[in-house]
Amino acid sequence: TNAVDVVFVSNTIADICVQVENNCANLEQNCFPINVSQSPVAPVMSGPLNVCDQINPVYNIDNFDPAVLNYTWTATGGGQVIDGQGTSTVVLDWNGALGNQQLCATPDNLCGVGGTTCIDIEVSPQTIVTNINLTTLDPSEVGVVQILYPSSTGCDSLVITTTTLI
């Protein structure tokens, strides 16, 4: 026969060999290397899920596949990849986007585009500095006091009170 169907059940690197035999002669075997692969699987992502909008967080693909040629990263709310687009690790800038945002990654290789994975990220406002000017009749209360109110997202609030004598 001059045609053959070969079905591979998994990714493999192998050779397909052909040898011609007929009534006149048996020709030398010819082999052809093949690399059977499939579209990449959806990525598994890691990185902080609660961030401050002034921090540039780093996100990674945990199930890195060397057959992937490119990872396309997208962020909602105006978020931008500022480093690493196309790779398995990116740095983001949320550009002031606040609230629930998403970061998505889509792999592709020679066989096509894989599944997209998105993670939800809560972006909180930057550190808030509040200046409060007070007056007092008591000289012992004069001065500057700084109080830091920590937040679970790392976006702490700083309150500075300046008290002066009347």
Evaluation steps, side-chain contact (heavy atoms from CB on, under 4.5 Å), between Thr106 and Val113: CA-CA 7 Å; Thr106 306; Val113 176; 3.4 Å; yes
Contact check, side chains of Tyr59 and Ile119, non-hydrogen atoms, under 4.5 Å: yes
CA sep, side-chain torsions, deciding dist, call: Ile34, Asp15, side-chain contact (heavy atoms from CB on, under 4.5 Å): CA-CA 6 Å; Ile34 60 163; Asp15 289 333; over 6 Å; no
No-hydrogen, no-angle side-chain donor-acceptor test under 3.5 Å, Gln80 and Asp93: no
Flag side-chain contact, heavy atom, 4.5 Å: Ile61 against Met45: yes
Thr136-Asp138 side chain donor-acceptor pair, cut-off 3.5 Å: no
Side-chain touch Thr87/Tyr71, heavy atoms, less than 4.5 angstrom: no
Side chain to side chain contact (heavy atoms under 4.5 Å, CB included) partner of Ile16, chosen from Val6, Val4, Asn30: Val6
Single-linkage hydrophobic cluster, 4.5 Å side-chain cutoff, Leu98 and Leu49 together: yes
Point-to-point distance, once rounded to the nearest 0.5 Å, from OG1 of Thr89 to CH2 of Trp73: 7.0 Å
Audit row: Val81, Asp83, side-chain contact (heavy atoms from CB on, under 4.5 Å) steps and yes/no: CA-CA 6 Å; Val81 173; Asp83 188 32; 5.9 Å; no
Over all atoms of both residues, closest heavy-atom pair of Gly115 and Pro43: O-CD, 3.3 Å
Minimum-distance pair of heavy atoms, taken over all atoms of Gln85 and Val90: N-CG1, 4.1 Å
pair Ser124-Asn50: side-chain heavy atoms closer than 4.5 Å: no
Non-hydrogen atoms of Leu134 and Thr161 that approach each other most closely: CD1-CB, 4.4 Å
Pairwise disulfide bond (SG atoms under 2.5 Å apart) hits with a residue in residues 70-117, at least two apart: Cys104-Cys118
Closest non-hydrogen atom pair, Asn109 against Ala67: CB-O, 3.1 Å
Beyond-backbone contact of Ile160 with Val144, side-chain heavy atoms, under 4.5 angstrom: yes
Minimal non-hydrogen separation, Asp53 against Gly96, with atom names: OD2-CA, 3.7 Å
Test item: side-chain donor near acceptor, Gln101 and Thr76, under 3.5 Å: yes
Heavy atoms of other groups near Glu28 CD, more than 12 under 6.0 Å: no
Closest non-hydrogen atom pair between Leu92 and Trp94, with its separation: CD1-CZ2, 3.5 Å
Full working for side-chain contact (heavy atoms from CB on, under 4.5 Å) between Thr117 and Val44: CA-CA 7 Å; Thr117 297; Val44 175; over 6 Å; no
Ser88 side, atom OG; Asn70 side, atom CG - distance, nearest 0.5 Å: 11.0 Å
Atom CG of Leu110: over 12 foreign heavy atoms under 6.0 Å: no
Joint cluster assignment, Val58 & Leu103, ILVMFWY side-chain distance < 4.5 Å: no
